[in-house]
Structures are given as C-alpha cells and as structure tokens.
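Just so you know, ligand 1 is whichever comes first in the structure, and atom 1 is the first atom listed for that ligand. These numbers come from a predicted model, not from an experiment. Numbering of residues begins at 1 and proceeds along the displayed sequence.
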Amino acid sequence: MADKRKMGLAVAQMGPVHLADTRAMVVKRLRDMLAEAHGRGARMVVFPELALTTFFPRYWMEEREAQARFFEATMPNADVQPLFDDARRLGVGFYLGYAELTPQGVPYNTAILVDETGKIVGKYRKIHLPGHDDHKPDAPFQHLEKKFFQVGDEPFGVWDTMGARIGMALCNDRRWPETWRMMSLQSAEIVVLGYNTPSLNIHWPEPVHLRMHHHLITLQASAYQNCVWAAAAAKCGAEDGFHMIGGSVIVAPTGEIAAQAVTEDDEVLVVNADLGLGDTFRKNVFDFARHRRPEHYSLITERVGPGAALPRNLIE
Ligand code: CDT
C-alpha cells in the first residue's frame with residue numbers, strides 16, 4: 001500500500017494578457033486565483049510562463065525595447081510584491097514565470113518557486129528556447145524566443161520545499177524527454193511548468209487540433225514514465241487576436257489526467273495529490289536503479305542531432 005502523503009496542488013490558468021494590460025492588473029488576477037486556490041485547500045499554485053505580460057516574442061522589435069517594456073530587473077518588485085505578501089499571509093507557495101533581466105543585463109525566460117513564507121527558494125532559466133531570431137515579415141506573427149532570451153545557464157534542478165521535491169520547466173521543455181528524466185533522476189515528485197502555446201504553427205500548415213494533442217500526450221506520457229505528478233498552467237485565449245491553446249492540466253504519476261481546465265480564461269484547478277502514488281511505479285516497472293542501462297544510452301549526451309548508425313559487432 002503506497003503511503004498517503006497528500007498535497008493540495010493547484011494550477012492557475014490565465015486567460016489573455018493584452019498589450020494594454022498593466023502589471024498591476026495582471027497581479028490582481030494572480031492574487032484572486034491564489035486566494036481561490038487557498039480556499040480550495042491548495043498549498044502551492046502553478047502560474048503560467050511569462051505570466052506578467054502578453055506573450056511578447058510574437059512581436060518584432062529591438063532587444064532594448066523588449067527589455068524596457070516586458071522584462072523584470074528585480075523580483076519581487078513593487079508590482080509583484082502584493083502576490084508575495086499574500087503567499088506569506090495565506091501560507092501558500094507558488095511557481096511564476098516571467099522575463100528576467102539580470103543585473104549583468106542577461107535576458108532569460110525564467111520561473112521561480114516561492115515557498116509558503118513568501119521566500120524565493122528556487123529559480124529555473126528556460127533551456128529549450130523554440131522559434132527563431134530573424135524577422136519573418138510574411139508570417140502572421142513571430143516566435144522570437146531565440147532573439148530575446150539566452151539559453152538557461154544551469155541544468156534542470158529540483159527543490160525540497162512545501163513538503164515535496166519539486167522540479168521546474170517552462171513550456172517547450174515539456175516536449176523533450178530529457179527534461180523529465182533529468183528531474184526524475186533527482187527523485188522529483190512533482191514537475192511544474194507554465195506555457196504559452198500559439199494555436200497556429202507559423203512554419204508549416206499543421207492541423208490545429210494537434211497542438212492540444214501533442215501537449216496532452218507529452219504530459220501524460222512523461223508523468224507516467226517518470227513517476228511524477230505534472231502540473232501545467234497555460235496562458236491562453238486570444239491575446240490581441242493571437243490565439244493560444246488552453247488545456248491546463250494536473251496529471252497523476254499513473255499518466256491519468258486528474259484535473260483539466262474547461263475554459264480559455266482565468267481558471268483554478270485543485271487536486272489533493274497523493275505524493276506516494278508514484279511509488280509503486282518507482283519500485284517496479286520504473287525502478288531506475290535496477291532497470292536503466294545508461295551504458296547503452298551514451299549517444300543521448302554525445303550527440304545533439306541525428307547522425308550515422310552505430311557500428312554493430314553482432315552478425316544479423
Ligand atoms: N513558449 C513556448 O515555448 N511555446 C512553444 C511553441 C512552439 S510550437 C511547437 C511550445 O512548445 O509550446
């Protein structure tokens with residue numbers, strides 16, 4: 001019988017944030033959802049990627065302009081401080097994505113983990129940056145994460161906080177198996193992430209329904225294969241006419257969806273997550289120490305892109 005270590009885990013999906021919306025307006029929405037999650041028994045709330053602003057990588061502009069309008073040079077700052085104060089007052093922690101400009105002027109797509117005392121206990125800088133860095137004037141919108149952000153400077157990590165071992169990722173990271181394995185090899189129990197996923201693919205005419213399919217299939221498979229709870233928060237709906245998918249979810253280590261958003265607006269999901277639910281998998285089919293064979297996986301770290309077949313010694 002798996003031990004029952006319960007944790008009230010919430011995802012706070014956000015509807016659109018338009019260019020005209022101020023940080024103060026956005027933080028008010030985050031505070032309302034933190035309070036609702038607390039009222040429904042949550043101990044930790046997952047907010048989206050780049051939660052404080054519109055998804056600005058869709059707009060072509062100079063780096064300097066983007067940094068002045070959309071980045072945070074300090075965290076918490078005066079606009080966001082009320083959210084940190086609520087966290088401490090209510091005893092609820094949170095994950096929050098935002099555009100970070102370091103004191104040295106380095107721009108990152110960042111997420112922080114704030115504990116139930118309102119203290120920042122973890123920081124993750126996005127590793128898998130999708131999109132392009134050139135101007136695509138014929139595309140309906142841009143995806144300029146490669147122009148506006150540097151690749152994160154630290155590997156995927158986990159933090160012991162709020163009674164759980166929690167790993168962080170951001171949006172495109174969720175599509176890569178390496179992301180999840182890095183954290184499950186550090187005994188993560190929960191992986192939290194925020195995302196902004198445009199409904200339209202600007203690179204080729206992909207059927208729109210595949211965006212949601214790929215989002216859910218990766219989260220469900222990754223939660224199961226890594227024996228973790230996965231909590232994913234969208235910013236979604238049409239931001240100034242540019243639509244992004246919803247589908248925020250909390251997925252159990254069984255690979256089953258425990259809660260899923262039904263709107264494309266601000267919406268809170270709460271699950272009383274049994275952190276022991278992954279134990280049977282960790283002790284059996286996915287007992288990494290007994291069954292993994294890293295001596296046969298060396299290509300995973302040696303090669304970036306696909307290449308030649310490995311030489312074989314066996315006669316086939
Ligand atoms: N924000 C972000 O990383 N968005 C990307 C869009 C790429 S579309 C395959 C994502 O992976 O959702």
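- Within the listing of ligand 1, atoms 1 (N) sit less than 4.0 angstrom from a heavy atom of Glu49.
- In summary, the atoms of ligand 1 found under 4.0 Å from a heavy atom of Asn196, numbered by their order in the structure, are 1 (N), 2 (C), 4 (N).
- Checked against the 6.0 Å centroid criterion, the rings of Phe149 and Phe71 qualify as a close aromatic pair.
- Near Pro130, with a cut-off below 4.0 Å to any heavy atom, the atoms of ligand 1 are 2 (C), 3 (O), 5 (C).
- Residue contact check: Asn172 has heavy atoms under 4.0 Å from atoms 3 (O), 10 (C), 11 (O) of ligand 1.
- Using a 4.5 Å cut-off on side-chain heavy atoms (C-beta onward), Pro198 and His143 make contact.
- Of all protein heavy atoms, the one closest to atom 6 (C) of ligand 1 is His143 CE1, 3.5 Å.
- At the top of the distance list for atom 10 (C) of ligand 1, counting protein heavy atoms only, stands Arg175 NH2, 3.3 Å.
- Atoms of ligand 1 found under 4.0 Å from any heavy atom of Phe55, numbered from 1 in the order shown, are 1 (N).
- Comparing Lys126, His214, Arg211 against atom 9 (C) of ligand 1, the shortest heavy-atom distance belongs to Arg211.
- Contact annotation: the side chain of Ser199 approaches that of Ile245 to within less than 4.5 Å [non-hydrogen atoms, C-beta and beyond].
- With a 6.0 Å cutoff to the six-membered ring centre and a 45° limit on the axis angle, Arg69 does not count as a cation-pi contact of Phe56.
- When each atom of ligand 1 is checked for a heavy atom of Cys171 under 4.0 Å away, the hits are 1 (N), 2 (C), 3 (O), 4 (N), 5 (C), 10 (C), 12 (O).
- When each of Arg58, Met14, Met244, Glu145 is checked for a side-chain contact (heavy atoms from CB on, under 4.5 Å) with Asn196, only Met244 meets the rule.
- Every heavy atom of His128 sits 4.0 Å or more from the atoms of ligand 1.
- Under the 4.5 Å side-chain criterion, counting only non-hydrogen atoms from C-beta, Leu193 is not in contact with Leu170.
- Judged purely by atom type and a 3.5 angstrom limit, Gln142 uses its side chain to pair as donor or acceptor with the backbone of Lys136.
- Ligand 1 has at least one atom lying under 4.0 Å from a heavy atom of Glu145.
- Near Thr197, the atoms of ligand 1 lying under 4.0 angstrom from a non-hydrogen atom of the residue are 10 (C), 12 (O).
- Counting heavy atoms from C-beta outward, Trp180 and Leu219 have side chains that approach closer than 4.5 Å.
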